[in-house]
Structures are given as structure tokens and as C-alpha cells.
There are 2 protein chains.
Amino acid sequence: MASDHTRSAILTAAERLYADRGFSDVTLRDIVAEAGVNLAAVNYHFGSKDELIAELFVTRSIATNRERLRELKAAEEQGGGRAPIEVILRALVGPTLRGCLGPENQRSTAARFMIRASIESVPPIRRIKNREIDHLRKFVGAMRRALPERSEVDIYWGLNFALAMAHHTIRESERLTKLSEGQCDLDDVEDVVARVVSVATMALTAGRVEAKAPSRVAAR
Amino acid sequence: MASDHTRSAILTAAERLYADRGFSDVTLRDIVAEAGVNLAAVNYHFGSKDELIAELFVTRSIATNRERLRELKAAEEQGGGRAPIEVILRALVGPTLRGCLGPENQRSTAARFMIRASIESVPPIRRIKNREIDHLRKFVGAMRRALPERSEVDIYWGLNFALAMAHHTIRESERLTKLSEGQCDLDDVEDVVARVVSVATMALTAGRVEAKAPSRVAAR
DNA sequence: TTGCAATTCAAACAGTTGTATGAAACTATC
DNA sequence: GATAGTTTCATACAACTGTTTGAATTGCAA
């Protein structure tokens with residue numbers, strides 16, 4: 001094991017290069033040049049290029065998922081096993097958005113890497129995403145408890161739309177900025193979270209629990 | 001020009017293979033084998049692989065955009081230059097969803113190709129998508145006319161969320177089906193359109209034009 | 001110091017990729 | 001039916017890719 005200096009140098013260099021130039025543009029030779037290590041080191045330490053990418057992505061998404069569940073658990077415990085739907089949705093999309101957006105010039109390498117992963121979706125990453133379903137089921141459970149009268153299908157659609165808004169906003173943030181000529185402020189992450197949560201909440205409560213908190217629905 | 005038999009054989013084969021196996025898995029040699037033509041024919045007729053992909057994508061997206069504008073224009077003419085926001089949103093997301101979803105076993109090659117393009121987003125396709133902004137501006141204009149009291153920023157966010165729900169549902173349709181264990185019926189395209197339009201409408205009208213048509217908001 | 005395992009290294013490997021070439025075959029016009 | 005222009009073809013090219021190899025080096029324990 002020694003100090004694992006080479007191993008972590010590869011991880012750092014790979015994340016930075018993938019974040020900057022995307023997966024399809026970066027070769028192992030680029031990575032080892034940036035890391036200042038030998039070409040064979042990648043296969044020695046990670047087995048293959050795909051496993052290197054997988055490790056990068058898994059590390060980051062584990063962190064996000066942990067934060068998601070932490071927020072969800074805290075909310076449900078505070079509410080005696082049942083959290084308000086807005087808070088559940090916030091726990092679902094908040095960590096993802098906070099992890100990727102924010103002022104562009106101060107975005108971490110990790111953030112930019114996750115944006116790339118969201119845009120390009122290379123095979124090893126797709127494989128990992130497919131295993132995320134179990135994780136999402138925990139949110140389905142919480143949402144069901146929060147909205148017991150709501151049909152199961154509506155819950156799934158609500159979840160789908162919440163994730164849609166969060167991920168699409170991340171993926172197409174540049175286009176939204178250009179389209180709105182800078183008027184949409186994507187640097188204000190908490191505003192983005194509030195907007196997504198607000199719309200997703202409406203999607204899940206409209207036509208049913210109308211009586212509840214109509215003042216919360218307006219974005220901002 | 002002759003009959004252009006070779007040219008169209010390449011287009012057909014390429015669309016089919018890309019639809020079935022994705023961009024990264026299909027080589028020019030696969031395409032010419034499927035088309036029964038010579039390898040050099042691709043560069044002769046299209047100039048390069050990227051230009052072939054671009055032509056495939058442009059053809060399909062022009063068709064979608066034309067349909068979008070047709071619906072938008074019809075709606076605005078009927079309303080004397082101002083269409084209801086629901087109809088505008090339906091014109092925006094309807095053609096895209098109808099072009100990609102529907103019963104899986106009867107999905108056209110074109111539909112499956114567009115799903116792939118939505119998932120993989122290869123360079124030549126990304127370039128074309130970036131030119132789509134002018135097209136979207138026409139919808140921004142219509143939405144502004146439909147909701148004159150709404151702030152411009154809210155309009156952009158509403159448009160962004162509408163596209164988010166449509167594209168994410170297309171891209172992740174498989175995952176939604178699996179997560180919901182088949183309960184979410186993605187074959188019923190008009191139901192999907194109605195759900196997306198309903199939520200997007202709420203996003204754009206909540207907190208303002210509340211008085212208007214509260215019966216329409218509930219999806220099914 | 002010696003010995004042994006872990007690590008690093010230069011080099012080559014094996015395969016694939018998109019593209020270019022130049023001759024051959026075809027097609028339509030005169 | 002000769003000719004000019006288009007299209008097709010087999011083949012080679014040139015470059016790049018991830019991976020493997022086997023020797024050299026390093027670091028640590030006995």
C-alpha cells in the first residue's frame with residue numbers, strides 16, 4: 001500500500017481532466033501525464049479505465065446519497081415518522097443541486113465532474129446509476145407516508161418530475177443562462193432548490209390536499 | 001445523383017443501429033455492413049461520420065420543431081394572437097413526447113434514435129442542440145403574451161421545467177417503469193403529455209392567476 | 001545486509017477507429 | 001458507341017486506444 005500517492009494522484013488528475021474536458025476527450029495518457037505517473041499505474045491500481053471512472057463517480061454519489069438520507073431521516077424523526085412533503089423533496093434534490101451548482105468560478109472539481117457525468121453518461125456511470133433505484137425507494141416510502149391519500153402512481157410521477165427538474169437544470173444550466181440572457185441566477189442555489197421543491201410539491205398536492213399551506217406554493 | 005440508393009441505405013442503417021445499440025457501440029464498418037455498401041461510401045456521401053450523425057439528427061429535430069411551431073401558431077391564431085398557457089406548453093412538449101414515447105414494441109426507429117440522442121448526446125448532436133435557442137425564444141414570446149403579469153424570469157424557469165420533465169421522462173422512461181414496477185404507464189403518451197403540461201402550468205400560474213381553471217390542474 | 005513483496009517504469013502489443021487513395025464500374029450525354 | 005462525370009470498390013493508411021509484459025526499482029522486515 002505504501003502511501004498510495006500514485007493512486008490518489010491519478011484520481012485527482014482524472015477528476016480534474018474529466019471535469020474540464022469530458023470523458024470522450026480524455027485518454028489514460030492524458031491522465032497519467034497530468035498526474036505525473038506511469039501509464040501502467042492506472043491498470044495496476046484500478047484494473048481498468050472503467051473501474052477508475054466508476055470509483056470516481058461512486059465516491060461522489062455516495063456522499064450525495066448519504067447527505068440525502070441524513071436530511072430525510074432528520075426530517076422524519078422530527079415529525080414523528082412523517083415529514084412534510086416539501087422537506088422530503090428538499091432532501092431529495094437539495095444535496096444534488098448544492099453539489100453541482102453555485103457560482104461557476106468557485107465550483108469545485110467534484111461539482112464539475114458530476115455535471116459532466118450528468119451530461120455524458122458513459123457506460124460505467126450508467127451501470128452505477130441503475131443501482132440507485134433502491135435508494136430512491138426510500139424516498140418513495142417517505143412520500144407515501146407524507147401523502148397517504150395520494151395514489152402510488154402520482155407519487156412516482158412526482159418523484160420523477162422532481163428529479164427531472166433538478167437534473168435538467170444542472171445539465172442545461174448553461175443553456176438556461178444563455179436563453180435568459182443571464183436573468184436566471186443559477187448561482188443562487190437555494191433559490192433554485194426552492195423553485196424545484198415548490199413546483200414538485202404542487203405537482204404532488206394539487207387537486208387533493210389543496211387546503212394545506214397554499215402560501216408555500218409560490219416560488220421565492 | 002442517380003437514385004441516391006446508397007446514401008439513403010446508409011441513413012436507414014445508421015439510424016437503426018444507433019437506435020438499437022447507441023452511438024459509442026456502432027462503427028462505420030457496422031453501418032456499411034448493415035447497409036450493404038462500401039466503407040468509403042460514408043465519407044463520399046456525407047464527408048465524415050459526424051456529418052452523417054448530424055444529418056440524421058437534424059432531419060428528425062426539424063420535423064419535431066416544425067410540428068411544435070405549427071401547433072403554437074394554430075393556437076395563437078385561434079386566440080387572436082394570444083393562446084392559453086396550457087396550449088402553448090402542450091405545443092412545446094407534445095411533439096417531442098409523442099415522437100419518442102408510445103408502446104415500446106411499436107416505437108419507430110426514428111423514435112428510438114431520438115431517445116438515444118437524448119441519452120448519449122454526442123458532440124455533433126450537442127452542437128445542433130445549441131442552435132435550438134432561437135427556436136425556444138418563440139415559445140418564450142408566446143408565453144410572455146399569455147402571462148403578461150408574470151416576470152420574465154419566471155417564464156424562463158417555467159419553460160426550463162417543462163422541457164426538464166419532458167426530456168427526463170423520455171431519457172429515464174425505463175428507470176421510471178422499473179421503479180414503479182410498471183405502474184406508471186408510459187405507453188399512454190397523451191397521459192404523459194397531460195401530466196407534464198399540468199405541472200408546468202401550475203409552475204407558471206401559481207401565486208398569480210390562481211383564479212383561473214383550478215379544475216384543470218389535477219392530472220387524471 | 002539480505003530477501004521479498006509491492007510498486008514503478010519503458011516499451012510493446014493488439015485491436016479498432018475514421019479517413020484517404022486510386023483504380024474499376026457504372027451512367028448518361030452526345 | 002466513345003466520353004466525361006459520377007459512384008463504387010478493395011485496400012491501405014495513420015493514428016490512437018486500453019491493456020499487458022517483464023525488467024528495474026523501491027521500501028520494509030528479518
Side-chain angles (χ1 to χ4, degrees), chain A residues 1-58 113 116-117 120-128, chain B residues 1-58 113 116-117 120-128:
Chain A
M1 276 283 163
S3 70
D4 264 356
H5 167 268
T6 303
R7 208 185 128 89
S8 55
I10 291 171
L11 286 170
T12 304
E15 187 168 57
R16 214 179 76 79
L17 288 179
Y18 284 143
D20 286 347
R21 293 160 36 192
F23 294 99
S24 56
D25 264 22
V26 175
T27 71
L28 289 187
R29 282 169 177 80
D30 294 332
I31 293 171
V32 297
E34 171 88 6
V37 303
N38 187 270
L39 175 60
V42 173
N43 288 276
Y44 178 79
H45 285 282
F46 299 94
S48 71
K49 181 197 176 190
D50 277 13
E51 289 173 85
L52 165 62
I53 294 178
E55 177 158 338
L56 282 170
F57 185 73
V58 164
F113 173 82
R116 281 288 179 191
E120 289 198 32
S121 175
V122 82
I125 289 181
R126 234 173 296 158
R127 258 172 263 138
I128 293 163
Chain B
M1 278 281 164
S3 71
D4 264 354
H5 167 267
T6 302
R7 209 186 126 89
S8 55
I10 291 171
L11 286 170
T12 304
E15 186 168 56
R16 214 179 75 80
L17 287 179
Y18 284 143
D20 286 348
R21 293 162 33 194
F23 293 99
S24 56
D25 265 22
V26 175
T27 70
L28 288 188
R29 282 167 178 81
D30 294 331
I31 293 171
V32 298
E34 171 88 5
V37 303
N38 187 270
L39 175 60
V42 173
N43 288 277
Y44 178 78
H45 285 283
F46 299 94
S48 70
K49 181 197 175 191
D50 277 12
E51 288 174 85
L52 165 61
I53 294 177
E55 177 159 337
L56 282 171
F57 185 73
V58 164
F113 173 82
R116 281 288 178 190
E120 288 199 32
S121 176
V122 82
I125 290 181
R126 232 172 298 158
R127 257 172 264 140
I128 293 163

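In what follows, chains are A, B, ... by sequence order, proteins preceding strands, each numbered from 1.
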Minimum heavy-atom distance [X]-[Y], with the two atoms named:
| X | Y | result |
| --- | --- | --- |
| B:Ala35 | B:Ala9 | CB-O, 3.5 Å |
| A:Glu55 | A:Leu11 | OE2-CD1, 3.9 Å |
| B:Thr6 | B:Ala41 | CG2-CB, 3.9 Å |

For atom [atom1] of [X] and atom [atom2] of [N], their distance in whole Å:
| X | N | atom1 | atom2 | result |
| --- | --- | --- | --- | --- |
| A:Arg7 | C:dT7 | CZ | C1' | 14 Å |
| A:Ile31 | D:dG18 | CD1 | P | 8 Å |
| A:His5 | C:dT8 | NE2 | P | 9 Å |
| A:Ile53 | D:dG18 | CD1 | P | 9 Å |
| A:Asp4 | D:dG27 | CG | C1' | 14 Å |

From [X] [atom1] over to [Y] [atom2], what is the distance, rounded to the nearest 0.5 angstrom?
| X | Y | atom1 | atom2 | answer |
| --- | --- | --- | --- | --- |
| A:Ile31 | A:Glu15 | CD1 | CD | 11.0 Å |
| B:Ile10 | B:His5 | CD1 | NE2 | 10.0 Å |
| B:Ile53 | B:Glu120 | CD1 | CD | 9.5 Å |
| A:Leu28 | A:Leu17 | CG | CG | 11.0 Å |

Query - Residues that A:Ser24 engages under side-chain hydrogen bond (donor to acceptor under 3.5 Å, both in side chains), provided they are two or more places apart - result: none

Query raised in the report: Can you list every pair that meets ring pair (Phe, Tyr, Trp, His ring centres under 6.0 Å) and has a residue in residues 8-46 of chain A, with sequence neighbours left out?
Result: A:Tyr18-A:Phe23, A:Phe23-A:Phe113

Requested in this report: Estimate the overall bend of the helix from C:dT1-D:dA30 to C:dC30-D:dG1 from the end axes over five pairs each, rounded to 10 degrees.
Outcome: 0°

Query raised in the report: Do B:Asn38 and B:Val32 come close enough that some side-chain heavy atom pair is under 4.5 Å?
Result: no

Query raised in the report: Given that A:His45 and B:Thr27 both sit by DNA chain C, which one's nearest nucleotide is further toward the 5' end?
Result: A:His45

Requested in this report: For residues 29-48 of chain B, pull every pair meeting salt bridge (Lys or Arg N to Asp or Glu O under 4.0 Å), keeping only residues two or more places apart or in separate chains.
Outcome: B:Arg16-B:Glu34, B:Arg21-B:Asp30

**Report entry** Within residues 12-24 of chain B, residues whose heavy atoms come under 4.0 Å of DNA chain C
**Finding:** none

Within the sub-3.5 Å range, which N or O atoms of nucleotides 19-21 of chain D have a protein N or O partner, and how far apart are they?
unit_1, atom_1, unit_2, atom_2, d
D:dT19, OP2, A:Asn43, OD1, 3.2
D:dT19, OP2, A:Lys49, N, 2.9
D:dT19, O5', A:Asn43, OD1, 3.4

